[in-house]
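Take a look at the structure below.
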Amino acid sequence: MKFQSVTGTKDLLPSESFLWQRIENVARSVFERFGYAEIRTPVFEDTNLFLRGIGETTDIVGKEMYTFKPSPDSDESLTLRPEMTASVMRAYLQHGLGGQFPVVKVYYIAELFRKERPQKGRYRQFWQLGAECIGSALPESDAEMIAMMMMIYDELGVTNATLKLNSLGDAETRTRYRAALRDYLRPHYERLDAVSKERFEKNPLRILDSKNPDLQEIIAGAPRILDYLDEESNAHFEAVRTYLDELGIAYSIDHRLVRGLDYYSRTAFELVSADLGAQDALGGGGRYDGLAEQLGSPKPIPAVGFASGIERLWLAMERANLLRNIPQKKPDVMLVAQSTKAQTWIMKTANEWRRKGLVVEVDLLRRSLKAQMREANRLGAKFAVIAGESELQTRKFQLKNLRSSEQTEVEEERLFDAIKAQVVESL
RNA sequence: GUGAUUGUAGCUCAGCUGGUUAGAGCGCCUGAUUGUGGCUCAGGAGGUCGCGGGUUCAAGUCCCGUCUUUCACCCCA
């Protein structure tokens, strides 16, 4: 084969696109019930936006971004977006949305790009659905964000998953905690693996994430960030928990759920699926009160958001057998022609009926009557109308119900209503 | 980026230690009724065996490279 899709990218074929649409429709429906409006931003941005927004030391910026120049001799550097939060905040600041609305609530369903080695549920071009709530520092917005995310999963039927919750406190909390964690780990330093040793200096919080079984004992004894929370963060966290309890949303505290970047604060959450492998995070999010300032805002702007990988959501639904029950739109009727003259009648009639709202199929290959009937059956059409010489003369057509196999003769002017009535009935 | 793994018809796969025209199921097409689907039966189309080198009298089968798939690591904002 001469051409194929590039490594880490995937085609969404017609046979399954309706499943994808189902996920999108459920998500949109929930977002809108929460009063969130869609935002669409360009797929590429000034590279500096992500350098500032994500942090220059991270792997993403270092090796996982698709960065390019608009022209060979340009000084400009552009990057395909590896995430949405920076873009949304940029748009918020650029258009002064905060000046028009005290709280801005937006959602997106967007494709993102990261140059990672592909594996299960992880592609180089992938889709996320997510939301950002900008302008409130209060726990109500955290709780609402989590509730919204959970409602989407719930309505899609994804229930075999655990919501993990933690609080990162404020910047000072993390400084104190990081110091405490290093103090704790220092006596065990020699027992750490190479990766953890490197993290010890760079980002000791990440050591808590290590999957190395030899380290679990050490990790289990590590101090917990929740014990280092400042008073306000603690109150905030308690409030979020109370709201979740009241809303009937189950969660488990996971003090190992951490985020390394400085603009994160307080609430962090993640939904982990039991049906997936190593890439088991379905979605997650948290509070990022420090991001706006990093992107040049003169004052801090509190915000909270979540994002969810659609490919992984898909995978989880597949594993849980949830994709099988999603109905596919089938044709209401197939118009079957038996001669060239009938072909003309069919073209004309199909067009009229489609205008009036029916889903009408017509054979485009001039196949035999038999083949057209077979096609009607394969497409799952509810009815077939057979038009041949005699029908055109008598203006009475054969109407066959392909479910019951009943066939009746119907006058031309009554055909549409006869089909319409039964199609509506069968829904 | 590291380590392993996969690649034969549209799809899922078989093909023993290298040996004649590469097979099956499903799907697709045609017919069994010159005006009718689903079931059954009978035919049929469809394959550069990922690609490029090499070894050999002979390679889908062995070797090397490359691309791709998958799994894990790194990382996951």
Side-chain angles (χ1 to χ4, degrees), chain A residues 1-10 13 15 49-65 81-87 89 112 114-123 126 128 130 193-196 198-199 202-203 206 209-212 257-264 268 270 272 276-281 283-286 288 290-291 294 305-307 309 312 334 336-339 342 361 363 365 367-392 397-407:
Chain A
M1 206 157 317
K2 181 103 187 183
F3 291 109
Q4 55 184 312
S5 56
V6 171
T7 302
T9 65
K10 232 182 125 189
L13 300 176
S15 54
L49 174 67
F50 302 118
L51 295 184
R52 293 287 209 81
I54 295 170
E56 314 206 11
T57 59
T58 61
D59 260 40
I60 301 130
V61 166
K63 59 183 195 188
E64 293 176 7
M65 297 204 306
R81 61 188 178 198
E83 58 134 12
M84 277 302 283
T85 307
S87 295
M89 186 55 87
L112 306 175
R114 291 181 198 172
K115 201 155 53 188
E116 301 171 291
R117 199 71 165 273
Q119 66 189 70
K120 201 64 157 184
R122 173 197 263 187
Y123 298 91
F126 61 102
Q128 282 189 348
D193 55 32
V195 174
S196 296
E198 206 187 316
R199 286 171 174 169
K202 220 167 67 182
N203 190 356
R206 300 273 321 150
D209 271 349
S210 174
K211 288 166 191 159
N212 187 337
L257 179 62
V258 290
R259 299 279 150 90
L261 305 184
D262 281 341
Y263 61 75
Y264 281 105
E270 195 168 278
V272 176
L276 301 180
Q279 305 298 318
D280 63 352
Y288 49 97
L291 177 61
Q294 284 206 19
F306 90 92
R312 281 190 208 170
M334 172 131 181
V336 174
Q338 217 261 318
S339 68
E361 280 284 348
D363 181 52
L365 294 174
R367 284 178 286 188
S368 69
L369 181 66
K370 184 193 189 73
Q372 291 183 58
M373 289 301 287
R374 203 187 302 126
E375 182 70 4
N377 186 62
R378 185 181 34 218
L379 292 169
K382 299 171 190 100
F383 291 95
V385 170
I386 295 153
E389 287 307 312
S390 56
E391 283 82 358
L392 287 176
F397 293 81
Q398 297 299 322
L399 174 61
K400 182 160 191 176
N401 183 324
L402 294 175
R403 302 275 196 278
S404 66
S405 296
E406 282 176 87
Q407 184 164 320

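Residue numbering restarts at 1 for every chain, and letters A, B, ... go by the order of the sequence lines.
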For Pro82(A) and Phe126(A), the nearest pair of non-hydrogen atoms, with its separation, is O-CZ, 4.2 Å
* Asked: Any side-chain heavy atom of Met373(A) sitting closer than 4.5 Å to one from Asn377(A)?
  -> no
For Leu399(A) and Phe383(A) the tightest heavy-atom approach is CD1-CD2, 3.8 Å
### Message
Within the structure provided, determine whether Leu369(A) and Val336(A) are in side-chain contact (heavy-atom separation under 4.5 Å).
### Response
yes
Separation between CD (Glu375(A)) and CD (Gln372(A)), nearest 0.5 Å, reads 9.0 Å
Phe306(A) meets the ring-ring contact (aromatic ring centres under 6.0 Å, His included) criterion, sequence neighbours left out, with none
Original post:
With rounding to whole Å, what would you report as the distance between G60(B) and G7(B) at their C1' atoms?
Top reply: 12 Å
Applying side-chain hydrogen bond (donor to acceptor under 3.5 Å, both in side chains) to Glu270(A) and not counting sequence neighbours gives Arg259(A)
Pairs under 3.5 Å (Watson-Crick or G-U), crossing ones as [ ], inter-strand ones as |: RNA chain B comes out as ((((..(..((((.....[...)))).(((((.......))))).....(((((..]....))))))..))))....
For Ala387(A) and Glu391(A), the nearest pair of non-hydrogen atoms, with its separation, is C-OE1, 4.1 Å
Distance col, row Glu64(A):CD vs Glu116(A):CD, nearest 0.5 angstrom, shows 4.0 Å
Regarding Arg81(A), tell me which of base, sugar-phosphate or nothing describes its non-hydrogen contacts under 4.0 Å with the strands shown. nothing
- Are any of the side-chain heavy atoms of Leu49(A) and Met89(A) separated by less than 4.5 Å? no
Any side-chain N or O of Arg367(A) less than 4.0 Å from the OP1 or OP2 oxygen of C29(B)?
-> yes
- Answer yes or no: is there a donor N or O on one side and an acceptor on the other, between the side chain of Gln407(A) and the main chain of Gln398(A), under 3.5 Å? no
For nucleotides 36-39 of chain B, give me every protein contact, N/O to N/O, under 3.5 Å, one pair per line with atom names.
unit_1	atom_1	unit_2	atom_2	d
U36(B)	O2	Lys400(A)	NZ	3.4
U36(B)	O2	Gln407(A)	OE1	3.3
U36(B)	N3	Gln407(A)	OE1	2.8
U36(B)	N3	Gln407(A)	NE2	3.0
U36(B)	O4	Gln407(A)	NE2	2.5
G37(B)	OP1	Lys370(A)	NZ	3.3
G37(B)	O2'	Asn377(A)	ND2	3.4
G37(B)	N7	Lys400(A)	NZ	3.0
G37(B)	O6	Ser405(A)	OG	2.3
G37(B)	N1	Leu402(A)	O	2.9
G37(B)	N2	Asn377(A)	OD1	2.8
G37(B)	N2	Leu402(A)	O	2.6
G37(B)	N3	Asn377(A)	OD1	3.2
G38(B)	O4'	Asn377(A)	ND2	3.1
G38(B)	O6	Ser405(A)	OG	2.9
G38(B)	N1	Ser405(A)	OG	2.7

If you restrict it to nitrogen or oxygen atoms, what contacts under 3.5 Å exist between nucleotides 41-43 of chain B and the protein, and what is each distance?
none

I'd like a table of atom pairs between the protein and nucleotides 66-70 of chain B - only N or O on both sides, under 3.5 Å - with the distance next to each one.
unit_1	atom_1	unit_2	atom_2	d
U68(B)	OP1	Thr7(A)	OG1	2.2
U68(B)	O5'	Thr7(A)	OG1	3.3

Atom CD of Gln372(A) and atom C1' of G35(B) are separated, to the nearest Å, by 11 Å
By nearest-heavy-atom nucleotide on RNA chain B, the more 5' of Glu83(A) and Ser368(A) is Ser368(A)
d(Arg117(A) CZ, Arg122(A) CZ) to nearest 0.5 Å is 11.0 Å
Are the side chain of Arg312(A) and the backbone of Gly121(A) linked by a donor-acceptor contact shorter than 3.5 Å? yes
